[in-house]
2 protein chains.
Amino acid sequence: MQNNQFKKGELYSFITGQASTAIARRLQRKLNQAGVNITIEQWSVLYHLWKKHGLSQQELCHATFRDKPSITRLVDNMEKLNLVKRVPSENDRRINLVFLTKQGQKLEEQTMQLADQTLSEALKTVPASKIELCKEVLQIVYDNLK
Amino acid sequence: MQNNQFKKGELYSFITGQASTAIARRLQRKLNQAGVNITIEQWSVLYHLWKKHGLSQQELCHATFRDKPSITRLVDNMEKLNLVKRVPSENDRRINLVFLTKQGQKLEEQTMQLADQTLSEALKTVPASKIELCKEVLQIVYDNLK
DNA sequence: TTTGAATAGTTGTATAAACAACTATATGCA
DNA sequence: TGCATATAGTTGTTTATACAACTATTCAAA
């Protein structure tokens, strides 16, 4: 048999995203308590814009594993909240580049701290070596899914 | 390039559930292609009912990490599709026990096969030992989140 | 026994998601 | 150059979700 023969067990619930949604909800609560009125989905878009300013909506689709309509509406709502701004590309008029506003930039430090905290709490009893291994696996899974 | 910095990012995207939603969407597509017209969320409820018949809505909340209104509406829709049936508990009239219908039971074999396939594809290049480790970590995370 | 707290479930409202179908712009090849 | 095709983004529709506020039932303590 192949070396990836295994008993799947709790992995089925990985399909349904239970661990990640539970962690996400914790971060959401922390954000609300801190008076940051954004959704966790909006945070996930901001996260990629903090890493690289001026992503196209299509690039945001790939980065966040969402489809185009989802990104359209997320960016709609985030523009209303004055977190980001669409700027038509000069080279290609089909493309909207999405830029952070001052307000969107300002959220980075505060919310990344809360995200770190949230992850630390969820992983507090997990040895660091195992966390490293899990990261590797996640990376491989991402590559398989491209 | 420290692989450290790069891998840190992957854990933040774990918060936003990107790997699991991507895998879930693959299973969803397989279900549709096989002519099984249920959502992945409905599948996640069926999964727990296959393991134990007659769960209360509250138990389904804990099992699936969803809140009560979410389960109410999922069960609403699944009752319309004739996949499950609410049966008031005799001991405690506050409780609805949710039971599979014949049709709901019938989906187990076919869809679990597709779920196995989906997981195997996502994990095909991951050594079995690392998968085991990830399962351990997931279990610890679940316990931390209780 | 009564009453207040806890538990189980439902309804209202807003945001987010997937899929299909659409518009607009760019590209490539004959 | 011109037309088919590909790409970027939007709109319509249905389902799912979180949170808050609500009803109904049970439990527990005075």
Side-chain angles (χ1 to χ4, degrees), chain A residues 16-18 20-33 37-46 54-81 83-84 86-98, chain B residues 16-18 20-33 37-46 54-81 83-84 86-98:
Chain A
T16 63
Q18 294 173 4
S20 48
T21 57
I23 295 178
R25 202 170 317 153
R26 299 213 161 188
L27 175 53
Q28 178 77 76
R29 234 175 284 139
K30 278 183 204 292
L31 290 173
N32 294 343
Q33 281 164 9
N37 286 316
I38 61 173
T39 65
I40 199 65
E41 292 83 3
Q42 292 168 1
W43 180 84
S44 77
V45 171
L46 291 175
L55 292 171
S56 70
Q57 295 188 198
Q58 187 61 62
E59 288 171 321
L60 284 173
C61 291
H62 288 130
T64 65
F65 284 80
R66 291 182 171 86
D67 70 355
K68 291 191 290 176
S70 299
I71 291 297
T72 292
R73 275 138 181 165
L74 269 176
V75 174
D76 283 351
N77 286 337
M78 294 172 78
E79 250 187 342
K80 279 182 208 150
L81 292 170
L83 296 170
V84 299
R86 282 181 173 97
V87 177
S89 165
E90 291 177 356
N91 305 330
D92 186 335
R93 292 195 294 161
R94 291 172 302 182
I95 295 177
N96 287 335
L97 293 173
V98 181
Chain B
T16 64
Q18 294 174 4
S20 48
T21 57
I23 296 179
R25 203 171 316 152
R26 299 214 159 189
L27 175 54
Q28 179 78 75
R29 234 176 284 138
K30 279 184 204 288
L31 291 173
N32 294 343
Q33 281 164 7
N37 287 314
I38 59 173
T39 66
I40 198 67
E41 292 84 3
Q42 291 167 0
W43 181 83
S44 76
V45 171
L46 290 176
L55 291 172
S56 73
Q57 297 188 197
Q58 188 61 62
E59 287 170 321
L60 284 173
C61 291
H62 288 130
T64 66
F65 283 80
R66 290 181 172 87
D67 70 354
K68 291 191 291 174
S70 298
I71 291 297
T72 293
R73 274 138 182 165
L74 269 177
V75 173
D76 283 350
N77 286 337
M78 293 172 77
E79 249 186 342
K80 279 181 208 151
L81 292 171
L83 296 170
V84 300
R86 283 181 172 97
V87 177
S89 165
E90 292 178 356
N91 305 331
D92 187 336
R93 291 194 297 159
R94 291 172 301 181
I95 296 177
N96 288 335
L97 293 172
V98 181

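Lettering follows sequence order; numbering is per chain, from 1. Values below: every heavy atom of this structure, side chains too, minus hydrogens, waters and symmetry copies. As the structure is a prediction and not an experimental result, all values here were calculated from the model.
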In this structure, how many angstroms lie between the P atom of D:dT14 and the CD atom of B:E41, rounded?
17 Å
Can you check whether A:L74's main-chain N or O pairs, donor with acceptor, with A:R66's side chain at less than 3.5 Å?
no
CD of B:E90 versus P of D:dT26: gap in Å, rounded?
13 Å
First-last contacting nucleotides on DNA chain C - partner chain A, under 4.0 angstrom, heavy atom
C:dT15 to C:dA26
Nearest-angstrom distance from the residue atom CZ of B:F65 to C1' of D:dA16:
18 Å
Applying a 4.0 Å non-hydrogen cut-off, can you work out what A:D67 is touching in the nucleic acid: base, sugar-phosphate, or nothing?
base
Take the C1' atoms of the five end pairs on each side of the helix from C:dT1-D:dA30 to C:dA30-D:dT1, get both axes, and report the angle to 10 degrees.
20°
I need the residues from residues 24-33 of chain A with at least one non-hydrogen atom less than 4.0 Å from DNA chain C; give them sorted by number, or say none.
none
Between B:S44 and A:T16 the two heavy atoms that sit nearest each other are CB-CG2, 3.2 Å
With nearest nucleotides of DNA chain D determined for A:I95 and A:T21 from heavy-atom distances, which residue corresponds to the more 5′ nucleotide?
A:I95
So, B:Q28 side chain and B:I38 main chain: donor-acceptor pair closer than 3.5 Å or not?
yes
When every non-hydrogen atom of B:R25 is compared with those of A:F65, the smallest separation belongs to NH2-O, 2.6 Å
Under 3.5 Å, is there a donor-acceptor pair between the A:S56 and A:Q58 side chains?
no
Find which nucleotide of DNA chain C each of A:R93 and A:R66 is nearest to by heavy atoms, and output the residue with the more 5' nucleotide.
A:R66
I need the minimum non-hydrogen distance between B:E59 and B:L55, along with the two atoms involved.
OE1-CA, 3.4 Å
Derivation and outcome, side-chain contact (heavy atoms from CB on, under 4.5 Å), residues A:V84 and A:L46:
CA-CA 9 Å; A:V84 299; A:L46 291 175; 4.3 Å; yes
Do you know the tightest heavy-atom contact between B:L60 and B:T64?
O-OG1, 2.8 Å
Touch class at under 4.0 angstrom, heavy-atom based, for B:R73 against every strand present
base
B:R86 atom CZ is separated from D:dA24 atom C1', nearest whole Å, by 15 Å
Any salt bridge linking A:R73 with A:D67? Criterion: basic side-chain nitrogen under 4.0 Å from a carboxylate oxygen.
no
What is the distance from CG of A:N37 to P of D:dC19, rounded to the nearest Å?
13 Å
Exercise: identify the closest heavy-atom pair between A:V75 and A:Q57
CG1-OE1, 4.5 Å
Hey, does the side chain of B:E79 reach the backbone of B:R86 with a donor-acceptor pair shorter than 3.5 angstrom?
yes
What is the separation between atom CG on B:D92 and atom P on D:dC27, rounded to the nearest whole Å?
6 Å
Remember a base hit wins even if backbone is also touched, and classify B:D76 as base, sugar-phosphate or nothing at under 4.0 Å, heavy atoms.
nothing
Could you state the atom-to-atom distance from CD of A:Q42 to P of D:dA18 in whole Å?
16 Å
Value in whole Å for how far the P atom of D:dT7 lies from NE2 of A:H62
10 Å
Nearest heavy-atom contact between B:I71 and B:C61 is CG1-SG, 3.6 Å
What nucleic acid atoms does B:I71 come within less than 4.0 Å of, heavy atoms only: base, sugar-phosphate, or nothing?
nothing
Just call it for A:T72: base, sugar-phosphate, or nothing, with non-hydrogen atoms closer than 4.0 Å on any strand.
base
